[in-house]
Amino acid sequence: LESMGMSDYAYMFGGDASQIAQQLGLTDEQAKEFSKYLPQFGEGQFTEALGEIPAWKQQQLGLLQEQYGIGKTSAELGYQTGMEGAQERLSLGTAGAESAYGLGTERVGQRFEGSLANLRSEALRDLTQARQVGHTFAGSGAAQRGEEISRDVLGTAYGGMTSERQSSLKGLEEQKGMTLEQLASSFGLTSQQLSEAKQGSLAQLGLSQRAGEQQVGEQADVKLGQAYSELQRYIEKVLGLGAQFAGYDPTGGTGGNGRTTGGGKSGGLDTTGGYKSPFLV
């Protein structure tokens, strides 16, 4: 009643009918009739309704906390699973890049050895031809000169092949490094995305929980208001009944005790014996 600003009406809940009638300014005869019709306030139901509110609120907050816990576990599990998946993809990608690099270097080596074998065969043929031509036309000097030219050609060709092989291997090495770097970058980006998704989920869960707590508080206030309305309705009934019997005259005259306010407690009686509700509902 104090929280509602209605402490002046406490007498309606703590005394018997005669005491209430006295507070309303009724005569003894009026009080007798008044007592016959005075309703009883359902105190048990009222206190039960009030007592249920804290338990209900605690239950709702517990459910919110449980939902938050489930959501948090799900977000963390999703992050962990995503990280494991990203790590697995990185491992597979690394293995694939290493395998491709190994195959690439093997093929470069095979091409180099094949080309070198062809070069040796051609060089031997050229040297043989040079000797034959030299001995036939110009003697040993020409033969020697032909061999030197053939060796120069052989050396130049071998150097070119070696350079090409080194260039090919370097290209494979760069491709391998670039591939692994790209995989690592992709893995890092995936990790960042998963982390941001996790934080976003937790933040959203926090917002939902706070919104839920606010809603629970509002619903608890509504339930409290509904309980308080029982007090209000009972007070209105008592005041209305008192106003009716304030104008009652058992002798059959114009009646009434002439008191207009019931000792300053009712706030609902007027000079005509009518009833004015103190509540604007």
Side-chain angles (χ1 to χ4, degrees), residues 68-207:
Y68 178 82
I70 293 174
K72 181 180 179 183
T73 300
S74 177
E76 292 175 345
L77 181 61
Y79 172 77
Q80 181 179 354
T81 302
M83 286 292 290
E84 291 174 353
Q87 183 64 52
E88 183 178 359
R89 290 195 300 274
L90 175 64
S91 298
L92 292 174
T94 301
E98 292 284 0
S99 176
Y101 171 74
L103 291 174
T105 55
E106 181 180 354
R107 289 171 182 169
V108 169
Q110 290 174 351
R111 288 199 303 271
F112 176 75
E113 292 300 331
S115 298
L116 184 59
N118 291 335
L119 179 62
R120 288 171 178 165
S121 176
E122 291 177 0
L124 179 60
R125 183 192 61 202
D126 290 344
L127 288 173
T128 302
Q129 291 177 352
R131 287 193 183 97
Q132 292 174 352
V133 171
H135 286 298
T136 302
F137 294 100
S140 60
Q144 183 67 29
R145 179 60 181 164
E147 290 179 5
E148 291 176 356
I149 292 173
S150 296
R151 289 192 185 96
D152 289 341
V153 172
L154 175 63
T156 300
Y158 178 75
M161 287 173 54
T162 302
S163 176
E164 181 181 356
R165 180 192 184 207
Q166 291 175 344
S167 177
S168 298
L169 291 175
K170 182 179 180 182
L172 284 172
E173 187 72 32
E174 291 175 351
Q175 184 179 359
K176 169 195 171 188
M178 183 174 62
T179 303
L180 294 179
E181 182 180 353
Q182 289 175 340
L183 286 169
S185 176
S186 174
F187 172 69
L189 181 61
T190 303
S191 173
Q192 180 181 355
Q193 289 175 334
L194 289 171
S195 179
E196 290 176 352
K198 172 187 172 184
Q199 295 303 321
S201 297
L202 293 178
Q204 187 62 41
L205 283 171
L207 290 174

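No more than 12 heavy-atom neighbours from other residues, nucleotides or ligands sit within 6.0 angstrom of CZ on R107. Counting non-hydrogen atoms of other residues, nucleotides and ligands closer than 6.0 Å to CD of E88 gives a total of 12 or fewer. The neighbour count for K72 NZ, taken as heavy atoms of other residues, nucleotides or ligands under 6.0 Å away, does not exceed 12.
Applying the side-chain contact (heavy atoms from CB on, under 4.5 Å) criterion to Q87, with sequence neighbours excluded, gives L90, S91, F187. Judged as a side-chain contact (heavy atoms from CB on, under 4.5 Å), and not counting sequence neighbours, the contacts of K198 are E76, Y79, L202.
A donor-acceptor pair is defined here as one N or O able to donate and one able to accept, closer than 3.5 Å; such a pair exists between the side chain of S115 and the backbone of R111. With S201 contributing its side chain and A197 its backbone, the two residues share a donor-acceptor pair below 3.5 Å. Put simply, the side chain of S168 gets close to the backbone of E164: a donor and an acceptor are under 3.5 Å apart. Under a 3.5 Å cut-off, the side chain of T156 and the backbone N or O of D152 do form a donor-acceptor pair. Side chain of T105 to main chain of Y101: a donor-acceptor pair is present (N/O by atom type, distance under 3.5 Å, no hydrogens or angles).
Annotation: the span from R165 atom CZ to S167 atom OG amounts to 12.5 Å, rounded to 0.5 Å. A distance of 9.5 Å separates CD of Q110 from CG of L103, quoted to the nearest 0.5 Å. Remark: R89 CZ to L92 CG distance equals 9.5 Å, nearest 0.5 Å. Summarising the geometry, atom CD1 belonging to I70 is positioned 10.5 Å from atom CG belonging to L205; distances are rounded to the nearest 0.5 Å.
Residues Q80 and M83 fail the side-chain proximity criterion, which asks for heavy atoms closer than 4.5 Å. Counting heavy atoms from C-beta on, the side chains of E174 and K170 come closer than 4.5 Å.
In terms of heavy-atom proximity, A123 sits nearest to L154 at CB-CD1, 3.5 Å.
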